[in-house]
Each structure stands twice: as structure tokens, then as C-alpha cells.
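Shown next, in C-alpha cells, is the structure this report addresses.
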Amino acid sequence: NEYSESVNIRLQSSAIYVLGPQNSVELDIIDAKQRFSIAAMDQAAVVNEDPAYLVISRQGPRSGMIQLLLSTGGSAIAGTDYSAINKLVSFGDGQPSMMIPVQALAGGSLANKETSKTLELSIRAALDASYLLGDSPSATVRLLSESQDLDSWAAEELPTLDTTDV
């Protein structure tokens, strides 16, 4: 488990003191802080189609209710290019993850064909140190004006494989 460590402590004998029968102990150190990470389940959302989803995962202890602060970035505009996302989300006691839908809207420049925008959603550090950021505190989704743009965008983003020497 990456959130707990075991440490062995052993006392060495010496001429200046006498050791009893127990000269070692094993300690388990458990990280009591929760960590939160975010990942894109879908790489893109297309106007007038199903939303893309981001998932926020909770690592470490899952006890208690906790609220996370989120921030947005990228070229997309909330309410114009995508449905606005709450900047404060709550995890219930024991809740391991949360899905955040990202719905692309036909407002602004996404009303034009062959247009794309980006939305980056980040988990902000806690003001009171009640949680820590995990390995991936932000994720990005591309917002596309048309589904055919998804194919051309994916072709640009994915590396081409040279199979001539295979």
C-alpha cells in the first residue's frame, strides 16, 4: 500500500548498556491524509452529443465528508463553450470517486465548424490542509464543434506507426 510504510527498529548491543530480550520493534506508519487526483475518462466532448467525463479519485483514508476546491483553465468559456462546473464538490463518507460531466455547448466559437477548445479542470490545494493533491491534480478535455472533428483531432494527436520494417 503506497499510503502506509513499515519500519523496523533494532537496537545494537554495546559495552556501555545491556539490552533486554526484546531488542527490536516494527512500526507501521499510516498516512492519515486523503489524496485526490483527477483523470479524463473521455478525451473529447462534442457539441450536441454525450458529455465527456472526468473522474476524481480519492486515495488513502475514505472516512468523513470532505469538500474539494476546483478551478478551470484552458481556452473554453464556462456557460458558452461548456456547461458550467461547480467549483466546490463534496465527497461523502466512504465515497471513493466522483464523475464530473463536461457537456460541450454550441455557443461561442463552437457554433462554427471545425472549431475546438480546451477545458482543464484542476483540484486546488486545501486551504486548511484537510487533503493533499494526488499524482494527477488536473486533467484536460477537448471540446469539439462536430463529431467528424473528433476523428481529425484524434489523428493529429495520435502518433503514426511506421510498420514498413515489420
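- Ser130 has its side chain within reach of Ile66: a pair of non-hydrogen atoms, C-beta onward, lies under 4.5 Å apart.
- Under the 4.5 Å side-chain heavy-atom criterion for Ile, Leu, Val, Met, Phe, Trp and Tyr, Val25 and Val7 are members of the same hydrophobic cluster.
- Between Thr72 and Leu119, some side-chain heavy-atom pair lies under the 4.5 Å cut-off.
- Under the 4.5 Å side-chain heavy-atom criterion for ILVMFWY residues, a single connected hydrophobic cluster contains both Leu88 and Ile123.
- Within the model, atoms CG of Leu110 and CG of Asn48 stand 10.5 Å from one another, a figure rounded to the nearest 0.5 Å.
- With Arg58 contributing its side chain and Gln95 its backbone, the two residues share a donor-acceptor pair below 3.5 Å.
- Annotation for Gln59 and Gly134: closest pair OE1-CA, 4.3 Å, computed over non-hydrogen atoms.
- The side-chain heavy atoms of Arg142 and Leu144, taken from C-beta on, include a pair separated by under 4.5 Å.
- Across all non-hydrogen atoms, the minimal contact from Ala106 to Val47 is CB-CG1, 3.5 Å.
- The shortest non-hydrogen separation linking Met98 to Ser90 is CE-O, 2.9 Å.
- A donor-acceptor contact shorter than 3.5 Å is absent between the side chain of Ser57 and the backbone of Ser97.
- The main-chain N or O of Gly107 is never found under 3.5 Å from a side-chain atom of Thr80 such that the two would form a donor-acceptor pair.
- Judged by distance alone, the side chain of Gln103 and the main-chain N or O of Glu49 form a donor-acceptor pair under 3.5 Å.
- For Arg124 and Ser71, the side-chain atoms include no donor-acceptor pair closer than 3.5 Å.
- Nearest approach of Ala139 to Ala40, heavy atoms of both residues: CB-N, 3.8 Å.
- Residues Leu68 and Val102 share a single hydrophobic cluster, defined by chaining ILVMFWY side chains whose heavy atoms lie under 4.5 Å apart.
- Nearest heavy atoms, Asp81 versus Leu143: O-CD1, 3.7 Å.
- Residues Leu127 and Phe91 share a single hydrophobic cluster, defined by chaining ILVMFWY side chains whose heavy atoms lie under 4.5 Å apart.
- With Ser145 contributing its side chain and Thr115 its backbone, the two residues share a donor-acceptor pair below 3.5 Å.
- Heavy-atom minimum distance, Met41 versus Val55: SD-CG1, 3.5 Å.
- A single hydrophobic cluster is not seen to contain both Tyr53 and Ile100; linkage of ILVMFWY side chains at heavy-atom distances under 4.5 Å, directly or through other members, places them apart.
- The shortest distance between side-chain heavy atoms of Leu70 and Ile56 falls below 4.5 Å.
- Residues Tyr82 and Val141 fail the side-chain proximity criterion, which asks for heavy atoms closer than 4.5 Å.
- Interatomic distance, Lys87 NZ to Leu121 CG, rounded to the nearest 0.5 Å: 8.5 Å.
- More than 12 heavy atoms of other residues, nucleotides or ligands sit less than 6.0 Å from atom CG of Asn23.
- To the nearest 0.5 Å, atom CZ of residue Arg35 and atom CG of residue Leu132 are 5.0 Å apart.
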